[in-house]
Amino acid sequence: SQRVVIIGAGIVGTNLADELVQRGWRNITVVEQGPLQMPGGSTSHAPGLVFQTNPSKTMTKFAQYTVEKLLSISQDGQSCFNQVGGLEVATTPERMEELKRKHGYASSWGVDARIITAEECIQLYPLLNPELILGGLHIPSDGLALAARATQLLIERTSAAGVTYIPSTPVTGIERAQGRVTGVTTPNGNIPADIIISCAGFWGVEIGAMVGLQVPLLPLAHQYAKTTAVHSLKGRELNSNINGMNATLPILRHQDQDLYYREHGDQYGIGYYGHRPMPIRASDLGVTGKHVDEKNMPSRLNFTPKDFETAWNESQKLLPVLRQTHIADGFNGIFSFTPDGGPIVGRAPNVEGFYVAEAVWVTHSAGVARAVAELLTTGRSETDLADCELSRFEEIQLSKEYVSETSQQNFVEVYDIIHPLAPKISPRNLRLSPFNTRQRELGAYFLEVGGWERPFWYEANKDLLPYLPANWQPVERDAWTAQHYSPISAVEAWKTRNAVAVYDMTAFHRFEVFGPGAQDLLQRLTTSDITKSPGTITYTLLLDEQGGIKSDVFVSRLEKDVYQVGANTAVDLHYLNREALLHRKHSKQYVQIRDITGATCCMGLWGPRSREVIDSLSTDDFSNKGLPYFHVIKATVAGIPVLAFRKSYVGELGWEIQTSAEYGQRLWDSIMQSGKLHGIVAAGRAALNSLRIEKGYRTYGSDMTTEHSPFEAGIAYAVDMNKEDFVGKAALQRLIKQTPSKRLHCLTIDDGQSVVLGKEPVFLDNKAVGYVTTAAFGFTVRKPVAFAWLPARVREGQAVEIEYFGCRIRATVSSDPLFDVSNSRLLA
Ligand code: FAD
């Protein structure tokens with residue numbers, strides 16, 4: 001079998017060894033720079049609080065599995081998880097609302113949770129100050145992970161199964177040949193390997209550098225302190241003295257003050273995120289010595305009492321019994337933060353056989369390990385990895401400066417209440433489309449994604465609000481959904497459906513796939529026949545081997561050997577690059593992928609009057625005959641060479657007009673000038689989102705992921721089962737015969753005005769049966785619309801309820817799409 005080397009024997013590395021052993025892999029070596037009984041990484045001192053609920057479904061699933069697994073690892077009748085429950089308390093009305101939202105996540109992802117009153121909080125946790133508490137969120141299955149003990153037991157059981165552990169041995173290099181890893185270098189010699197997985201925690205940056213890989217994590221110190229004994233906790237009956245089992249009260253979070261708590265016998269442990277960020281460079285810490293103990297390990301720095309002053313004052317307010325105690329011991333412990341708060345997991349894009357599983361909390365450790373083991377043994381993780389993918393970052397997001405600033409910001413915000421649309425405050429203006437100057441002049445409200453500034457609406461269109469017909473008037477929004485929203489988007493939607501609008505589509509990824517091997521490569525990777533003649537566009541899917549949706553893409557054939565792929569993420573680029581490399585190797589056919597996103601720009605010109613605008617600027621034939629739907633031509637618009645793609649993300653007549661970046665501003669000016677006569681406006685993402693949802697267009701990453709098949713996601717039309725072969729076809733042949741258990745459904749909200757934002761749970765007969773993916777107010781259909789994953793048995797017309805901040809909103813399962821079923825507008 002393959003020779004595997006795992007770097008790091010923390011909670012992640014040992015779990016991974018175990019998960020691989022469970023899947024029958026045996027040839028595994030774990031290399032650890034510290035001694036095995038206490039390696040000295042973050043796990044060695046982790047207090048181990050496991051709060052499972054997370055806005056990310058993936059992260060919650062990872063946490064649920066970690067709990068399940070730690071409960072199953074036991075010795076002398078004691079497991080590695082003390083299921084004392086978790087309590088998050090609110091001391092402000094805003095936090096109380098946030099806990100209700102979190103209760104929604106718990107219901108969406110299948111975690112049993114309850115919003116409880118202040119009195120119930122005190123009953124559950126008598127040491128709380130009743131004067132401060134407004135209420136709480138109680139999750140009975142949360143608790144304390146005994147991470148260090150679990151690590152030891154996993155080492156024992158995997159060693160017994162044949163895994164080799166090499167302690168006190170730092171990996172100093174990674175050997176490679178012909179683009180593949182071949183082994184690791186250590187001071188005691190080399191260890192050959194076919195697969196290397198770096199589970200080195202916050203040392204990940206240094207290990208990544210050994211293969212030229214930028215691992216975007218930042219080690220930061222975080223304060224943890226223990227008090228002297230609390231009198232009222234003395235003499236309690238405890239099941240055990242093992243650290244972690246010596247607690248009976250729920251683990252506690254006081255996020256309004258960036259604090260969390262657990263018991264250590266009769267002492268209290270207090271963790272604090274309210275202090276200044278303290279970045280560290282792992283390479284400055286040196287290599288772990290032979291001697292590691294509780295107080296002496298590389299991941300443990302000296303306590304800085306001044307940084308803890310506020311924490312101590314606030315803790316004594318929340319838990320008045322602490323006033324009789326003082327700080328007995330404290331340290332600044334190091335662990336990893338990342339630009340978006342997610343872990344860093346997956347295959348390295350630049351070298352075959354190298355994988356990473358870092359920036360992982362104890363909470364998610366077994367779940368991440370299982371996902372990586374699945375990836376290695378079957379080629380895909382059962383749980384969607386988009387939130388954790390190592391290659392999810394854009395190039396600009398890998399710079400040291402970006403990683404440092406955003407990861408520190410994530411530390412600062414770790415317990416903050418953050419709106420799902422809230423943009424980063426800094427760094428901004430990293431990537432600007434050539435239309436940006438004009439957009440600013442029009443008062444664009446920008447939100448950021450992948451470094452791109454994307455207009456959500458334009459203040460300049462405010463003047464049109466008084467002209468908005470009665471049946472296009474926006475509805476009132478509650479304070480939460482009114483954030484990062486403006487009624488101006490109603491104007492922009494109205495103009496798109498009734499006149500013409502321009503949308504900046506520059507931020508969407510565009511890749512050129514060219515060379516004699518382009519056709520064969522894309523034919524193998526996509527679900528549709530893309531051998532059609534040059535000038536055609538195909539909407540198609542990239543699947544994994546199990547038929548899960550990896551992405552949805554537009555493949556445009558520009559010339560015999562030149563295609564353009566309109567894709568979703570940087571992950572798509574890395575996937576295509578790797579496949580192109582393998583294709584070159586195996587077929588000896590040349591094919592190359594070039595990311596042309598930043599060098600080009602793209603504008604959606606859409607609406608019933610769009611043809612009049614383009615005809616006034618071009619002598620090329622934009623008629624149905626000259627450029628039919630889903631076709632592309634080279635054209636000249638206002639003297640500018642462009643590619644015109646006849647397609648629309650809003651379901652209207654029009655084109656995506658793409659040109660080289662330097663012509664962008666001139667293209668914008670010409671179109672806006674000529675469009676004046678036809679009532680043109682610039683329109684933003686808020687209108688676009690509304691129009692695409694009512695037209696039934698899915699968004700990859702939110703509405704569908706690798707966890708879904710095209711049949712379940714309602715996009716079987718993008719699959720050509722008659723095509724000879726493609727990645728995922730064999731799986732689809734099996735799936736097509738089965739009745740799916742779930743489906744993506746379209747919902748409309750009955751009261752016509754309650755807008756939700758996504759991830760809210762959906763209830764049928766009072767039982768949470770699914771969750772909302774994306775949602776918007778459908779301006780044309782005059783009601784809020786949402787996509788939701790629900791059991792397949794749910795039928796059109798059925799009544800369901802969506803939980804939103806603790807309230808239930810009635811909704812109806814509707815037909816899909818809601819707007820222009822026959823595509824008459826697109827084909828106009
Ligand atoms: P580590 O445990 O750091 O393991 C990595 C291993 O790799 C180390 O043993 C290291 O020696 C080894 N290694 C590194 N470089 C090399 C090399 N070149 N060669 C060989 N070996 C190498 N998480 C929670 O879920 N809940 C909490 O309540 C919680 N509280 C925390 C409190 C504090 C104070 C801190 C610091 C962290 C806390 N965390 C918590 C985070 C959690 O501890 C870590 O995220 C987790 O332990 C990381 O596990 P790991 O296996 O990835 O890394």
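First listed ligand is number 1; within each ligand, the first listed atom is number 1.
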Go through ligand 1 atom by atom and flag the ones less than 4.0 Å from a non-hydrogen atom of Phe335. 35 (C), 36 (C), 37 (C), 41 (C), 45 (O)
Atom indices of ligand 1 within 4.0 angstrom of Gly8 heavy atoms, with elements: 6 (C), 7 (O), 12 (C)
For His222, take its heavy atoms, then give the atoms of ligand 1 lying under 4.0 Å from any of them. 32 (C), 33 (C), 34 (C)
Hey, which atoms in ligand 1 end up nearer than 4.0 Å to a heavy atom of Leu49? 24 (C), 25 (O), 26 (N), 27 (C), 28 (O)
Parallel, tilted or perpendicular: which fits the ring planes of Tyr224 and His264, with parallel below 30° and perpendicular above 60°? perpendicular
Can you find an N/O atom of Val362 closer than 3.5 Å to an N/O atom of ligand 1? yes
Considering Ser42, Gly333, Gly271, Ala200, which one's heavy-atom position lies nearest to atom 3 (O) of ligand 1? Ser42
Testing Tyr415, Tyr260, Tyr261 one by one against His254 for a side-chain contact (heavy atoms from CB on, under 4.5 Å), which residue passes? Tyr261
Please determine if Ile11 has a nitrogen or oxygen closer than 3.5 Å to a nitrogen or oxygen of ligand 1. yes
Atoms in ligand 1 with a heavy atom of Gly10 nearer than 4.0 Å: 2 (O), 4 (O), 51 (O)
Please determine if Ser44 has a nitrogen or oxygen closer than 3.5 Å to a nitrogen or oxygen of ligand 1. no
So Ile251 and Asp142, side chain to side chain contact (heavy atoms under 4.5 Å, CB included) or not? Walk me through it. CA-CA 8 Å; Ile251 53 172; Asp142 285 348; 4.3 Å; yes
Do Ser336 and Glu358 pair up side chain to side chain, a donor and an acceptor below 3.5 Å, judged on atom types alone? no
One finds that the ligand 1 atoms under 4.0 Å from a non-hydrogen atom of Tyr260 are 30 (N), 31 (C), 32 (C)
In terms of ring plane angle, is the pair Phe337 and Tyr273 parallel, tilted or perpendicular, where the classes change at 30° and 60°? perpendicular
Could you tell me whether some N/O pair between Val171 and ligand 1 is separated by less than 3.5 angstrom? yes
Counting heavy atoms only, name the option from Met210, Glu32, His364 that's nearest to atom 9 (O) of ligand 1. Glu32
Which of the numbered atoms in ligand 1 are under 4.0 angstrom from any heavy atom belonging to Thr169? 20 (C)
